[in-house]
Protein chains: 2
Amino acid sequence: MKSDHHRSPMGLTKNQTLVFGALSHAEGPLSAYAILDQLRDKGFRAPLQVYRALDKLISLGLIHRLESLNSFVACQHPECDDRESMVFAICEICGKVSELADDSLENQIKTLAKRNGFSMKTCAIELRGHCRDCRPN
Amino acid sequence: MKSDHHRSPMGLTKNQTLVFGALSHAEGPLSAYAILDQLRDKGFRAPLQVYRALDKLISLGLIHRLESLNSFVACQHPECDDRESMVFAICEICGKVSELADDSLENQIKTLAKRNGFSMKTCAIELRGHCRDCRPN
DNA sequence: ATGGCATGTGTTATAATGTAACGCAATCGA
DNA sequence: TCGATTGCGTTACATTATAACACATGCCAT
Ligand SMILES: [Zn+2]
Ligand SMILES: [Zn+2]
Ligand SMILES: [Zn+2]
Ligand SMILES: [Zn+2]
């Protein structure tokens, strides 16, 4: 019995585990091609190997895509698979990203959408500014 | 006196006027290359001619960039040059985009950021879902 | 006026990001 | 056991964005 398409502890396949590991240990967001380069010595050869793993990890809520950076981060919360609204604060100085959460904000946005006849499924919020460590003062 | 680098009514140059016109008359968002193709018979030859005009128009608040679509829309409000938070509702069926506005939402996000030690400069919010015309029912 | 600076332009080439399409293998459920 | 689903590996390609260089115009301070 060959163990379920080679799945490791969390139910991830080998490629998914490697990509998730790269993002989990990274200081900041990584582009797909940065991940590819990191994993070349693990046998990765083509962008699709990365993108397919990324798609799966996103659908599981284990990682998120930063639309304004074309890059990816590991989720910083225990459970994001049920959440509809993500909030990311991107520091324009050091590049670090923090994932914020606020349920009332999520509701307010959904209500704003509804008032405008729009039925919201998901929502991506990306802030730019300065993090605590990079304050001008 | 050669008229200020060939500027038209709004203070835009020829290229900026052409790009703004293409976005203003479009049904939905356009990619930079879609704009380039539309303007080939006006003398456009290279992506940089588009991207440079786009950069300027964005800095003037006349157009916005949709991060999750890698494309651009004309602003649907009279004045967006002072606004810090944009909200776009993107219909996943018909592709139409509406630009929403809510000052209290903007304040709430800024406050959420501040609570987390983040000093927010700008904010991009992009919703996915179904517009009024594309409701399943 | 003139020399420096900022802005806009045109061009070529290249970088960075993302997919299509094919074949194959393993698993799962009926 | 058969068909549907998911994952993998590969090649080639499509899309999005910039670097670098040369030139022109308008502005402004000396
Ligand atoms: Zn998360
Ligand atoms: Zn920082
Ligand atoms: Zn606007
Ligand atoms: Zn629609």
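Here is the naming used below: chain letters follow the sequence lines, and residue numbers restart at 1 for every chain.
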Notebook entry, point to check: Atom CG of Asn70(A) to atom P of dA15(C): distance rounded to whole Å?
Noted result: 18 Å
Notebook entry, point to check: Is it true that Glu126(B) and Arg128(B) have a side-chain N and a carboxylate O under 4.0 angstrom from each other?
Noted result: no
Item checked: OP1 or OP2 of dC8(D) under 4.0 Å from side-chain N/O of Thr13(A) -> yes
Note to self: Whole angstroms only, please: what is the CG-C1' distance between Leu18(B) and dG8(C)?
What the structure shows: 14 Å
Notebook entry, point to check: Could you state the OH-C1' distance from Tyr51(A) to dA21(C), rounded to the nearest angstrom?
Noted result: 18 Å
Checklist line | Charged N-O contact under 4.0 Å between Asp37(B) and Arg40(B) | finding: yes
Next item on the list: Give me the residues of residues 27-49 of chain A where at least one heavy atom lies under 4.0 Å from an atom of DNA chain C, by number, or none.
Entry: Ser31(A), Tyr33(A), Pro47(A), Leu48(A)
Check: Just to confirm, is there a sub-4.0 Å distance from OP1 or OP2 of dG18(C) to any side-chain nitrogen or oxygen of Arg52(A)?
Finding: no
Margin query: Just checking Phe88(A) against His64(A), ring centres under 6.0 Å apart?
Written below: yes
Margin query: Does this structure show an ion pair linking Arg65(A) with Asp55(A), if we count only N-O contacts that are shorter than 4.0 Å?
Written below: no
Notebook entry, point to check: Just how far, in rounded Å, is P of dC8(D) from CG of Leu12(A)?
Noted result: 10 Å
Next item on the list: Find the distance Asp55(A):CG to dG18(C):C1' and express it as a whole number of Å.
Entry: 10 Å
Notebook entry, point to check: Please give, in whole Å, the distance from dT6(D) P to Leu60(A) CG?
Noted result: 12 Å
Notebook entry, point to check: To the nearest Å, how far apart are Leu54(A) CG and dG7(D) P?
Noted result: 13 Å
Next item on the list: Let me know, please, whether Ser71(B) or Ala53(A) comes out on the 5' side of the other along DNA chain D by nearest nucleotide.
Entry: Ala53(A)
Next item on the list: Test side-chain contact (heavy atoms from CB on, under 4.5 Å) on Leu54(A) and Ile63(A) and set out the steps.
Entry: CA-CA 8 Å; Leu54(A) 289 171; Ile63(A) 68 170; 3.5 Å; yes
Check: Phe118(B) versus Leu127(A): any side-chain heavy-atom pair under 4.5 Å?
Finding: yes
Margin query: Would you say Lys56(B) places a side-chain N or O within less than 4.0 Å of OP1 or OP2 belonging to dG8(C)?
Written below: yes
Check: Hey, are the side chains of Ile109(B) and Thr111(B) touching, using non-hydrogen atoms and a 4.5 Å cut-off?
Finding: no
Next item on the list: Kindly point out which of dA17(D), dC8(D), dG18(C) is positioned nearest to the side chain of Asn15(A)?
Entry: dC8(D)
Check: Leu69(A) has an atom CG; how far is it from atom P of dT16(D), in whole Å?
Finding: 18 Å
